[in-house]
Amino acid sequence: MILVFFILTSALWVTCLSADIDKGRRKVVHVLEDDTGAVIVQTAPGKVVTHRGGSITLPCRFHHEPENSDPDRIRIKWTKVTDALQFEDVFVALGKQQRVFGSYRGRVFLEEAGLGDASVIIQNVTLEDYGRYECEVTNDMEDDAGFVNLDLEGVVFPYYPREGRYKLNYHQAEDSCKQQDAILASHSQLHKAWLEGLDWCNAGWLEDGSVQYPISHPRDQCGRKDTPAGVRNYGYRHKEDERYDAFCFTSKLSGKVYFLKRFKKVNYAEAAKACVRDGALVAKVGQLYAAWKFQLLDRCEAGWLEDGSIRYPIVNPRARCGGAQPGVRHLGFPDKKFRLYGVYCFRRSKGDTAGGAKSSASGWTRRGGGGGIPTNSTRV
């Protein structure tokens, strides 16, 4: 029998460790037994939190009976689960052999913190790593599994292209966010942004294919003034035929956004050349939002961005800087020939490459001695 402990799992015979999110260290999660002999598990919250570029442990522990089970027959498999209940292979280990899949190669490793530890470490976390993961442990015919959510610190922002509002189907919205160094936001990310004050009266796509918008200050032109504040939901829409805006999500940058100081205003082409001469590129919309959120970039000067829009970030609202609330001000998409603005540039950090151990062409690596396992002979 294999018993797996995971975050938010109960009634399992285990002693386990979980990520202490608040204190940044590990803590023991105690297993207690009540008068009936039933097992009660006291667990940490069901998610772990990091930021883009960070490292994070996805905790998973198991106990198998009998105790002397052959560790080389234990298979550990990690899978990412999407909202559409599709599964993406992340990592599999059988005895001393490991295999990492796809974009996770070179970034995912077993933590190996002792017997019964199936936790994995993800390094150089990306925006696409956000989501729900399953840990499955198998010993011959017995198996058990649990889930953990990987959350990212970041910022949600509404987006529409130069062509105007309500011009994007789902796939175009997804591409638009990626082009601006972001991903489509999830409902939980949008809800959190609404709790922090986001108020936007245009509906936008989310990553699960639903269309929603956050209202903090109800008004007649945004679903009636007498309705309560909240995240309004149009439900799941046709991904090809229907068109809306997008809500994008981005996280911490590996680099710096800055306003390029110049003595004269520039058009778009001149702005792009000026950033390149300074060893940078014109900043994307997501990069400006990330700089506003994490760098606390505050500049009351309008500048070009990569998509041809004009924006500027305000952390400390003040007179003649666009209103009483902090945020990224948007002045629209002017003619790119106009010499009326400055430019925001983005310079990537030096040495910004994803590290990690090398693996064979098949994806298998070895944790120690013992014979290799042919790729086609292992169930994954």
Worksheet item: Taking C-beta and beyond as the side chain, do Leu58 and Val48 meet within less than 4.5 Å on heavy atoms?
Response: yes
Worksheet item: Looking only at heavy atoms, which two atoms of Trp194 and Val231 are closest? And how far apart?
Response: CB-CG2, 3.8 Å
Worksheet entry | Pair Glu153 + Lys252: basic N to acidic O under 4.0 Å | no
Worksheet entry | side-chain contact (heavy atoms from CB on, under 4.5 Å) assessment of Asp175 paired with Gln172 | CA-CA 5 Å; Asp175 289 341; Gln172 292 167 335; 5.7 Å; no
Worksheet entry | Intermediate values then yes/no, side-chain contact (heavy atoms from CB on, under 4.5 Å), Arg299 and Tyr344 | CA-CA 10 Å; Arg299 188 88 186 194; Tyr344 286 93; 3.4 Å; yes
Discussion item. Within the structure provided, determine whether Lys239 and His171 are in side-chain contact (heavy-atom separation under 4.5 Å).
Written reply: yes
Fill in: Charged N-O contact under 4.0 Å between Asp129 and Arg107
yes
Worksheet item: Checking Ser251 side chain against Gly154 main chain: does a donor-acceptor pair fall under 3.5 Å?
Response: no
Worksheet item: Looking at Leu288, Ile314, Val315, which one forms a side chain to side chain contact (heavy atoms under 4.5 Å, CB included) with Leu297?
Response: Leu288
Discussion item. Side-chain heavy atoms nearer than 4.5 Å, only ILVMFWY residues, links allowed to pass through others: does that put Leu168 and Ile183 together?
Written reply: no
Worksheet entry | Check ion pair Arg224-Asp226 (N to O, under 4.0 angstrom) | yes
Fill in: Partner of Trp205 by ring pair (Phe, Tyr, Trp, His ring centres under 6.0 Å), out of Tyr234, Tyr244, Tyr236, Tyr213
Tyr244
Worksheet item: Tell me, do Ser186 and Phe249 make a side-chain contact under 4.5 Å, heavy atoms counted?
Response: no
Item to complete: Evaluate the salt bridge (charged side-chain N to carboxylate O under 4.0 Å, His left out) criterion for residues Asp89 and Arg99: first the C-alpha distance (whole Å), next the side-chain angles of each, then the deciding distance (0.1 Å), finally the verdict.
Response: CA-CA 10 Å; Asp89 290 335; Arg99 187 178 183 186; over 6 Å; no
Worksheet item: With no hydrogens and no angle check, do the side chains of Glu306 and Gln179 hold a donor and an acceptor under 3.5 Å apart?
Response: no
Discussion item. For the OG1 atom of Thr227 and the CZ atom of Arg219, what is their distance to the nearest 0.5 Å?
Written reply: 10.0 Å
Worksheet item: Taking C-beta and beyond as the side chain, do Gln295 and Val257 meet within less than 4.5 Å on heavy atoms?
Response: yes
Worksheet entry | Side chains of Phe109 and Val100 in contact at under 4.5 Å (non-hydrogen atoms) | no
Worksheet item: Run the side-chain contact (heavy atoms from CB on, under 4.5 Å) check on Leu253 and Gln287 step by step: do they pass?
Response: CA-CA 7 Å; Leu253 294 169; Gln287 292 167 342; 3.7 Å; yes
Worksheet entry | Any donor-acceptor N or O pair under 3.5 Å, side chains Asn202, Arg165 | yes
Practice prompt. Taking the side chain as every heavy atom from C-beta outward, state whether Phe247 and Gln212 have any pair of such atoms under 4.5 Å apart.
Written response: no
Practice prompt. Flag the pair Lys167 and Asp245 as a salt bridge only when some basic side-chain nitrogen lies within less than 4.0 angstrom of an acidic carboxylate oxygen.
Written response: no
Worksheet item: Do any pairs count as a disulfide (SG to SG under 2.5 Å) and have a residue in residues 237-267, sequence neighbours left out, and if so which ones?
Response: Cys177-Cys248
Worksheet item: Can Glu134 and Lys80 be counted as an ion pair, charged N to O under 4.0 angstrom?
Response: no
Worksheet item: Roughly how far apart are Arg61 CZ and Cys135 SG, rounded to 0.5 Å?
Response: 11.5 Å
Worksheet item: Same cluster or not: are Phe101 and Ile121 linked, directly or through other Ile, Leu, Val, Met, Phe, Trp or Tyr residues, by side-chain heavy atoms under 4.5 angstrom apart?
Response: no
Discussion item. Does the structure place the NZ or CZ of Arg132 under 6.0 Å from the centre of the six-membered ring of Phe147, at an angle of no more than 45° from the ring's axis?
Written reply: yes
Worksheet entry | Gap separating the CD atom of Glu196 from the NE2 atom of His191, nearest 0.5 angstrom | 11.0 Å
Worksheet item: Quick one: do Arg237 and Glu242 make a salt bridge, cutoff under 4.0 Å?
Response: yes
Worksheet item: After noting the C-alpha distance and the side-chain angles of Asp151 and Lys47, does the key distance pass the salt bridge (charged side-chain N to carboxylate O under 4.0 Å, His left out) rule?
Response: CA-CA 7 Å; Asp151 199 3; Lys47 67 180 179 180; 3.3 Å; yes
Discussion item. Please find the pair of heavy atoms, one from Ser216 and one from Ala229, that lie closest to each other, and give the distance.
Written reply: O-CB, 3.7 Å
Worksheet item: With hydrophobic residues grouped by side-chain heavy-atom distances under 4.5 Å, do Tyr104 and Leu110 end up in a single group?
Response: yes
Practice prompt. Examine Val137 and Val120 and state if one hydrophobic cluster contains both, with Ile, Leu, Val, Met, Phe, Trp and Tyr joined whenever side-chain heavy atoms are less than 4.5 Å apart.
Written response: yes
Discussion item. Please give me the minimum heavy-atom distance between Arg75 and Val92, naming the atom from each residue.
Written reply: CG-CG2, 3.9 Å
Worksheet item: Sub-3.5 Å donor-acceptor pair from the side chain of Arg311 to the main-chain atoms of Gly303, do we have one?
Response: no
In a table with atom names and distances, give each donor-acceptor pair under 3.5 Å that connects a side chain of residues 271-281 to protein atoms at least two apart or in another chain.
| unit_1 | atom_1 | unit_2 | atom_2 | d |
| --- | --- | --- | --- | --- |
| Asp278 | OD2 | Tyr258 | OH | 2.5 |
| Asp278 | OD2 | Arg347 | NH2 | 2.9 |

Item to complete: Check Asp208 against Ser210 and note the closest heavy-atom contact, atom names and distance.
Response: OD1-OG, 2.7 Å
Worksheet item: Are Tyr312 and Leu340 joined in one hydrophobic group, where the rule is that I, L, V, M, F, W and Y side chains link up if heavy atoms are under 4.5 Å apart?
Response: yes
Fill in: Heavy-atom check, side chain of Pro214 versus side chain of Leu190, under 4.5 Å
yes
Worksheet item: For Trp304 and Val266, which heavy atoms make the closest approach, and how far apart are they?
Response: NE1-O, 2.9 Å
Worksheet entry | Gap between atom NE2 of His217 and atom SG of Cys222 - 0.5 Å precision | 11.0 Å
Worksheet item: How are the rings of Tyr289 and Trp292 set relative to one another: parallel (under 30°), tilted (30 to 60°) or perpendicular (over 60°)?
Response: perpendicular
Worksheet item: Can you tell me how far the OH atom of Tyr341 sits from the CG atom of Asn267, to the nearest 0.5 Å?
Response: 12.0 Å
Discussion item. Do Thr79 and Val90 have side chains that approach each other closer than 4.5 Å (heavy atoms only, starting at C-beta)?
Written reply: no
Item to complete: Verify the neighbour count for atom CD of Glu240: are there more than 12 heavy atoms of other residues, nucleotides or ligands below 6.0 Å?
Response: yes
Worksheet item: Are the side chain of Trp78 and the backbone of Ala118 linked by a donor-acceptor contact shorter than 3.5 Å?
Response: yes
Per-pair distances, 0.1 Å, donor-acceptor, side chain in residues 155-164, under 3.5 Å, sequence neighbours excluded:
| unit_1 | atom_1 | unit_2 | atom_2 | d |
| --- | --- | --- | --- | --- |
| Tyr159 | OH | Asp307 | OD2 | 2.8 |
| Arg162 | NH1 | Phe333 | O | 3.3 |
| Arg162 | NH1 | Pro334 | O | 3.2 |
| Arg162 | NH2 | Gly308 | O | 3.3 |
| Arg162 | NH2 | Pro334 | O | 3.3 |

Worksheet entry | Arg318 side chain vs Asn316 backbone, donor-acceptor pair below 3.5 Å | yes
Worksheet item: How many angstroms lie between atom CD1 of Ile310 and atom OH of Tyr268, to the nearest 0.5 angstrom?
Response: 10.0 Å
Discussion item. Can you give me the closest heavy-atom contact between Ser309 and His330, atom names plus distance?
Written reply: CB-NE2, 3.8 Å
Worksheet entry | Whether Thr50 side chain and Gly54 backbone form a donor-acceptor pair below 3.5 Å | no
Item to complete: Take Thr250 and Arg52 through the test side-chain contact (heavy atoms from CB on, under 4.5 Å) and record every step on the way to the result.
Response: CA-CA 8 Å; Thr250 193; Arg52 177 169 52 181; 3.3 Å; yes
